[in-house]
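Here the structure is a predicted model, which means the values were calculated and not measured. Order of the sequence lines sets the chain letters (A, B, ...), proteins ahead of strands, with each chain counted from 1.
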Protein chains: 2
Amino acid sequence: MKERLEALCEFVQNAEDVGDLQSATEQLRDYYEIAHIVYHWVNSKGERFGAGTYSQDWVDRYVEKDYLRMDPVILGCLQRFNPVDWKDLDWSSRAARAFFKEAVEYGVGNQGFSIPIRGPAGQFALFTASDNKDDFGWASFIDENMRDLMIIAHEFNKKALEFEQGGDSAPAPALSPRELAAMTYLAKGMSRAQAAQEMDISEHTLRVYIEAARHKLGAINTTHAVARALSRGLIVV
Amino acid sequence: MKERLEALCEFVQNAEDVGDLQSATEQLRDYYEIAHIVYHWVNSKGERFGAGTYSQDWVDRYVEKDYLRMDPVILGCLQRFNPVDWKDLDWSSRAARAFFKEAVEYGVGNQGFSIPIRGPAGQFALFTASDNKDDFGWASFIDENMRDLMIIAHEFNKKALEFEQGGDSAPAPALSPRELAAMTYLAKGMSRAQAAQEMDISEHTLRVYIEAARHKLGAINTTHAVARALSRGLIVV
DNA sequence: TTTATCCTCCCCCAAAATGGTGAGGCAAAT
DNA sequence: ATTTGCCTCACCATTTTGGGGGAGGATAAA
């Protein structure tokens, strides 16, 4: 059985387009003998992609109702690091319970397990397995397969990132040390005067760095430059 | 052997303080028979913690020289999603090569493998294994153990997050939709006037959002607020 | 139902940031 | 050896932000 999983991992690794990922989710679902496997991600431009085995009806419904903005699975995972069982999410609001009821009606399954994955520049993805099982059966399934699922989720995400970067590769301009320092201090909320004092240079000089960084980053003002430097992982606050 | 690994995973899971994580890195190093295992992380407040087997001399040297700001491993992983072999990083600059040379002299090892891990609220961590090996030996070590290392890294991070949240829970200030929109437009480089136009509200109203966001985020100016919103993953540009 | 949060609008004025232009010394890379 | 990039300093007028105040209506949770 493990060999089959290896093969599936390789299948994901060799995927050449989103269709292959779609196919991979179907194979995984069959392999695990559960209701659904879904992977979807949001790239740094806020565009969404998905591959999974949910029925088209449910996907349409989901998009139509803009459930993404209230789905407790999404909201919960956005604030979490570790994989989460759907049972542990916040279903307290009326809207959330109605949503869950509807999801079950559409065949999503009454049990679910979602793995959040984050990349640089705000990339966020979710890998989900769901099924109809009782609590005990689901718990033992998760216990047994969680780690494999995490590895597979990782493979999916690697691919998703490849596809994204294939689209347009931002060469990530390098900033000089002083420029980085300037950006860092500004990101910490210092004024130019304060940052200049911290760096022990004149405010005029500091401005030169800021402007240089702005140009390199293609930013139109300081806030924009700091945002880009952060997004691209050039500085850490 | 696998059982031993399981035991180590459990050891990490049962860690009660940073000292236990430290001890875990030592056991992992011995288990894998390599030079070093290091885990270090930056929490949402920008504080750094670490647990690992590097010599105190090297750690002191690293802090003293503020190598964090130029270490190609850190810089590279901040821009990456997937685990990376040190060989694949950017060592082109003179400073980077000098740094590497020095690191080797301090016994860090000439080969390394680092796994970047991201959590919500801008949490960022790095799990690193390093050793002295030739390219082939290292490659086969990585090939064989990468997945286990990823799982272990995940366990470390789970613990680190627990400790952080245990210390003092930063309640993760939630911004309202309009506040988020305002932050997003500002992060894109728009002026208040432009953002207001984009949101189809008066500039005065926009200012209310910006100030509300500033206060919620504990930021002292707009740039700071945008930086925090980005760091904490509240907005994506 | 009450309470809380959000959304929207308005005033004034001081302080800070921006944009454009210019210039010299120094180190590294080609 | 020449070019390129980095670090440092300066002035001007204009635009943008920041800080303080106050107020009404809608919506949603408790």
Side-chain angles (χ1 to χ4, degrees), chain A residues 69-70 72 75 90-99 173-227 234, chain B residues 69-70 90-98 171-228 234:
Chain A
R69 304 219 167 273
M70 62 75 62
L75 297 181
D90 175 24
W91 299 98
S92 61
S93 86
R94 184 176 310 265
R97 283 191 298 270
F99 166 76
L175 299 189
S176 79
R178 296 301 258 176
E179 287 159 1
L180 288 176
M183 289 292 105
T184 304
Y185 288 127
L186 292 178
K188 285 181 177 172
M190 291 184 189
S191 69
R192 298 201 304 205
Q194 290 174 312
Q197 194 177 3
E198 199 71 21
M199 291 171 67
D200 203 29
I201 53 176
S202 77
E203 189 180 330
H204 307 284
T205 303
L206 180 76
R207 287 185 50 195
V208 176
Y209 297 144
I210 299 173
E211 301 209 352
R214 258 218 324 269
H215 288 132
K216 285 185 183 176
L217 294 164
I220 56 191
N221 59 37
T222 301
T223 300
H224 194 196
V226 169
L234 302 175
Chain B
R69 303 220 167 271
M70 63 73 63
D90 175 25
W91 300 98
S92 61
S93 85
R94 182 174 308 265
R97 283 191 299 268
L175 299 191
S176 78
R178 297 301 259 175
E179 286 159 2
L180 288 175
M183 288 294 105
T184 304
Y185 288 127
L186 292 177
K188 285 181 177 171
M190 292 185 189
S191 69
R192 295 199 306 207
Q194 290 174 311
Q197 194 177 2
E198 199 71 21
M199 291 172 68
D200 203 31
I201 53 176
S202 75
E203 187 181 331
H204 308 284
T205 303
L206 180 77
R207 286 186 52 194
V208 175
Y209 298 143
I210 298 173
E211 301 207 353
R214 258 216 324 269
H215 289 133
K216 285 183 182 175
L217 294 165
I220 55 191
N221 58 35
T222 300
T223 300
H224 194 196
V226 168
R228 291 206 154 172
L234 301 176

Separation of atom [atom1] in [X] from atom [atom2] in [N], rounded to whole Å:
X	N	atom1	atom2	answer
Ile201(B)	dC6(C)	CD1	C1'	12 Å
Leu206(A)	dC7(D)	CG	P	12 Å
His204(A)	dC6(D)	NE2	P	22 Å
Glu203(B)	dT8(C)	CD	P	15 Å
Arg178(B)	dG25(D)	CZ	C1'	15 Å
Met190(A)	dA16(C)	CE	C1'	16 Å
Ile210(A)	dA17(C)	CD1	C1'	9 Å

Practice prompt. Mind checking the CG-OH spacing from Leu175(A) to Tyr209(A)? Nearest 0.5 Å is all I need.
Written response: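 If we round to the nearest 0.5 Å, Leu175(A):CG and Tyr209(A):OH are 13.0 Å apart.
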
Practice prompt. State whether the side chain of Arg178(B) and the backbone N or O of Thr205(B) hold a donor-acceptor pair below 3.5 Å, judged by distance alone.
Written response: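 Absent.
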
Practice prompt. Would you mind classifying the nucleic acid contact of Glu179(A) as base, sugar-phosphate or nothing, using non-hydrogen atoms under 4.0 angstrom?
Written response: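 Answer is nothing: Glu179(A) stays at 4.0 Å or more from every strand.
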
Worksheet item: Contact class for Leu186(B) (heavy atom, under 4.0 Å): base, sugar-phosphate, or nothing?
Response: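 No contact.
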
Below 4.0 Å: OP1/OP2 of [N] and any side-chain N or O of [X]:
X	N	answer
Thr222(B)	dG18(D)	yes
Tyr209(A)	dT8(D)	yes
Ser202(A)	dT8(D)	no
Lys216(B)	dC6(C)	yes
Arg192(B)	dT15(D)	no
Ser176(A)	dC7(D)	yes

Discussion item. Is it the case that over 12 heavy atoms from other parts of the model lie below 6.0 angstrom from the CD atom of Gln197(A)?
Written reply: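 For Gln197(A), atom CD is not crowded (no more than 12 foreign heavy atoms under 6.0 Å).
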
Heavy atoms from C-beta onward define the side chain here; which of [options] lies closest to that of [X]?
X	options	value
Arg207(A)	dC9(D), dC11(C), dG20(C)	dG20(C)
Val208(A)	dC6(D), dT8(D), dT17(D)	dT8(D)
Thr205(A)	dA17(C), dC9(D), dG19(C)	dC9(D)

Discussion item. Taking side chain to side chain contact (heavy atoms under 4.5 Å, CB included) as the criterion, tell me which of His215(B), Arg192(B), Glu179(B) meets it with Ile210(B).
Written reply: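 That would be Arg192(B); it is the only one of His215(B), Arg192(B), Glu179(B) passing the side chain to side chain contact (heavy atoms under 4.5 Å, CB included) with Ile210(B).
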
Worksheet item: Salt bridge or not for Glu211(B) and Arg207(B), using N-O below 4.0 Å?
Response: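 Yes.
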
